Amino acid sequence: MTITEILKKVNYFDEPELASFISDVVSTDKPISIGFVNQHGINLMLNEREVFENFMGINCLLRDGIGVKLACRFKGIEPKLNLNGTDFIPRLISSIELSKREAKYFVFGTEEPWLSNGAENLILGNSASLKTGFFDDDDYIHYYSENIDVNCLNVVVLAMGMPKQERIALALSKLDVASVIICGGAIIDFQAGKTKRAPALMRKLGFEWFYRLTQEPKRMFHRYVIGIPKFFFHLIH
């Protein structure tokens, strides 16, 4: 398990490539799982073999954050667009709606009332099957398998955080139906207004992580204050 292995698995897109990828996802007749690789995710992967294998089993991993961008530069890889779930997932949902393809939505994660409010905002007022993010893996797998619709595109947003969402995404994607299973992290909390996003300039400069640290210092301390030095230690060794 090395950072180089992980970076080689990531899909890197410029804007035309991204538009083509989204078009392919919207028209899929097979299960597609989508995840995001950031500095925190790489630390988790390098710490535990099972987590590494679950991430590597995701169909498409997208590059998220300045840490992975710097790692790509260090390893001689062109990082291309920064694609975090908070920006990418609404774009994908809008593309599905614009395509007029019938879709059935599932949103699993966070807690009420944020789950209902965030899901409604994310999926543009469409109805969705909801479950909070505190059940065992098998509960989501059973619920999904009992409620999928083989006649439309099944869209699952997993808003549980790493590494639980990647583990569940891998399991759900084994069901052979037209589906898009997306690892969304805090997407629903952002959509519901529970968690605030960094100002646009900070996001553009790659400092959204610092804003999140100032907003939630206790929860984010290990991820960033300890995690960032740990990430760069792995990178240079």
Side-chain angles (χ1 to χ4, degrees), residues 22 25-26 32-36 38 40-41 62 64-65 82-149 152-169 171-172 179-200 202-203 208-220 223:
I22 290 174
V25 170
V26 170
I32 295 177
S33 53
I34 301 173
F36 302 86
N38 55 25
H40 176 59
L62 303 177
D64 174 12
N82 181 62
L83 297 169
N84 61 71
T86 313
D87 293 322
F88 174 82
I89 296 171
R91 177 173 174 177
L92 177 61
I93 298 297
S94 294
S95 296
I96 293 170
E97 290 300 301
L98 287 171
S99 76
K100 303 301 182 181
R101 182 175 185 182
E102 185 178 357
K104 181 171 184 177
Y105 292 98
F106 300 80
V107 181
F108 301 152
T110 195
E111 59 188 348
E112 294 292 3
W114 315 110
L115 174 57
S116 295
N117 295 339
E120 182 177 9
N121 291 336
L122 178 64
I123 61 175
L124 307 175
N126 291 294
S127 62
S129 298
L130 308 177
K131 284 182 78 70
T132 62
F134 307 102
F135 294 96
D136 292 335
D137 294 8
D138 288 343
D139 289 308
Y140 301 104
I141 296 165
H142 177 74
Y143 181 84
Y144 179 64
S145 64
E146 291 293 312
N147 289 279
I148 53 177
D149 188 338
C152 68
L153 180 65
N154 297 273
V155 181
V156 186
V157 178
L158 299 171
M160 303 168 180
M162 302 170 177
K164 183 177 182 178
Q165 61 187 11
E166 287 76 22
R167 187 173 66 240
I168 294 173
L172 298 186
S179 56
V180 184
I181 299 128
I182 316 162
C183 300
I187 178 69
I188 298 302
D189 287 338
F190 282 122
Q191 288 286 323
K194 179 184 179 183
T195 303
K196 294 182 179 180
R197 291 204 71 184
M202 292 187 75
R203 299 201 302 267
E208 188 163 12
W209 67 269
F210 182 74
Y211 181 83
R212 294 195 68 188
L213 177 61
T214 63
Q215 296 298 300
E216 302 177 88
K218 185 175 180 180
R219 191 168 80 87
M220 294 297 172
R223 177 179 296 196

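Predicted, not measured: the structure shown is a model, and the values here were computed from it.
Residues Tyr143 and Phe135 are not in side-chain contact: their nearest non-hydrogen atoms beyond the backbone lie 4.5 Å or more apart. At a threshold of 4.5 Å between non-hydrogen side-chain atoms, the residues Arg203 and Asn82 do not count as touching. Contact check for Phe106 versus Leu172: no side-chain heavy atoms found under the 4.5 Å cut-off. Contact annotation: the side chain of Asn121 never approaches that of Pro90 to less than 4.5 Å [non-hydrogen atoms, C-beta and beyond].
Residue Ile182 forms a side chain to side chain contact (heavy atoms under 4.5 Å, CB included) with just one option from Leu92, Leu158, Val156, and that option is Leu92.
Once rounded to the nearest 0.5 Å, the distance linking CG of Leu122 with CD of Glu120 reads 11.0 Å. A distance of 8.0 Å separates OG in Ser179 from CD1 in Ile32, rounded to the nearest 0.5 Å. Put simply, OH on Tyr105 and CD1 on Ile93 are 5.0 Å apart, with the number rounded to the nearest 0.5 Å. Note that CG of Asn117 and CD of Gln191 are 11.0 Å apart. Values are rounded to the nearest 0.5 Å. To the nearest 0.5 Å, the span separating CE on Met162 from CZ on Phe36 amounts to 9.0 Å. Considering CG of Leu83 and CG of Asp64, their distance stands at 8.5 Å, rounded to 0.5 Å.
In this model, no donor atom of one side chain and acceptor atom of the other lie less than 3.5 Å apart for Glu208 and Asn84.
Here Tyr211 pairs with Lys196, Ala198, Pro199, Met202, Thr214, Gln215 under the side-chain contact (heavy atoms from CB on, under 4.5 Å) rule; sequence neighbours left out.
Residue Phe210 qualifies as open at atom CZ: its count of foreign heavy atoms under 6.0 Å is 12 or below.
Within the structure, every pair that satisfies the side-chain hydrogen bond (donor to acceptor under 3.5 Å, both in side chains) test and touches residues 127-141, not counting sequence neighbours, is listed here: Asp137-Arg167.
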